[in-house]
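Step one of this worksheet: look at the structure below.
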Amino acid sequence: MLGLPDSITVVLFDLDGVLASTTVVHREAWKRTFDTFLRAQAGEEYLPFDEQDYLDHIDGRLITDGVRTFLRSRHIDASAETVQMIGAAKNATFLAALAGGAVAAYPGSIRYLAAVQRRGLRIGVVTSSINSKAVLDATGLSRFVQYRIDGIEISRTGMRGKPAPDSFLAGAAAFGATPPETAVFEDALSGVQAGRAGGFGYVVGIDHVGGNQAAAMRVAGADVVVRDLDELLTA
C-alpha cells in the first residue's frame, strides 16, 4: 500500500523538495544572494550561481555548510562573518517569498502523508532548514508531523549536517526506533547518502529535477526513486 517494506514503522521526510515546493524558492534566493556577493567580488565578469551549483554545493546542507562549500568551489576563502552575512541575506529573501505565498505542499505528498497516517506509521521531518516550523505551518503540513529535527536543532546540539547521518539517526531515536525500522525520504544527494550511511531500512529518492538525478540517487544509495510521493501508493 505504501511502497515500503513491512518492517518499517517510522518514516522520516526531508522537507524542501520532498513535502513542500520550496526548492525553487530556495534556489532563487541563493542565486540572488550569491550573484550579489560574486558581482561585488569580481565585477560584471563574475560567473553566476546556477542550478548545478545548487545541486552540488547547497542542496540538503546546513546553511553555513552550503555557503562554505559553494565559496570553496569558487576558490573563495571567506571569514565566518562573511559566511554568516551571506546566510542571513539568503534567509531574509526566502522568508519574504514564504510570506508572499510562494510555497505550497505537493498534492502528492499530502496524499501520501494521509495514507501513512491512516496506516499508523509515525511521521517525522528531518531537515537542514532553519525555517521548518514556518514552512510546515504555512503549507498546512504540521498536522501530520509528530517530531521535527531541523537546522536549528542540528546546530544547537553539534550534530554533523548531511551527508552525515546524525540528524536522521536522531530522528529515529526520538521515536525509539532503530534505523532498520525507519525509512528516509530525500530529494538531495547529500540526504540520500546520509540515509544510506545510517543503515536505514529503506531510502526513497524524490526526483523533481530530471536528467541524471535519478541515476545519481541510485548510485548514492536510494532503494527506489520516484517523481512524486504518491507514486508509492501504487508500488
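Nearest heavy-atom pair across Ile206 and Arg227 is CG2-O, 4.0 Å. Contact between Lys162 and Thr127 at its shortest, heavy atoms only, is NZ-CA, 4.1 Å.
In this structure, OG1 on Thr182 lies 11.0 Å from CG on Leu4, to the nearest 0.5 angstrom. Between the CG atom of Asp16 and the CD atom of Glu186 there is a distance of 9.5 Å, given to the nearest 0.5 Å. To the nearest 0.5 Å, the span separating CD on Gln117 from OH on Tyr112 amounts to 13.0 Å.
Asp137 and Ser142 share a donor-acceptor pair across their side chains, judged by distance under 3.5 Å alone. Of the N and O atoms on the side chains of Glu181 and Thr178, at least one donor lies less than 3.5 Å from an acceptor on the other residue. Under 3.5 Å, the side chains of Arg148 and Ser132 contain a donor-acceptor pair of N or O atoms.
A salt bridge links Arg74 with Asp53: the closest approach of a Lys/Arg side-chain nitrogen to an acidic carboxylate oxygen falls below 4.0 angstrom. Salt bridge present: Glu153 and Arg156 bring a charged side-chain N and a carboxylate O closer than 4.0 Å. Here Arg39 does not pair with Asp35 in a salt bridge; the nearest charged N to carboxylate O distance is not below 4.0 Å.
Ring-plane geometry between Phe70 and Phe34 is classed as tilted, the angle between the planes lying from 30 to 60 degrees on a 0 to 90 degree scale. Relative ring orientation between Phe185 and Phe13 is described as parallel, the plane-to-plane angle staying below 30° on a 0-90° scale split at 30° and 60°.
The environment of Arg196 atom CZ is dense: over 12 non-hydrogen atoms of other residues, nucleotides or ligands sit within 6.0 angstrom. For Tyr46, the OH atom counts as densely surrounded, since its 6.0 Å shell holds more than 12 non-hydrogen atoms of other residues, nucleotides or ligands. Summarising the local packing, NZ of Lys31 is surrounded by more than 12 heavy atoms from other residues, nucleotides or ligands at distances under 6.0 Å.
Centroid-to-centroid, the aromatic rings of Tyr106 and His208 come within less than 6.0 Å.
The hydrophobic cluster containing Val18 also contains Val145, counting ILVMFWY residues as joined when their side-chain heavy atoms lie under 4.5 angstrom apart, directly or transitively.
Between the side chain of Glu231 and the backbone N or O of Asp228 there is at least one donor-acceptor pair closer than 3.5 Å. In this structure a side-chain-to-backbone donor-acceptor pair under 3.5 Å is missing from Gln41 to Phe37.
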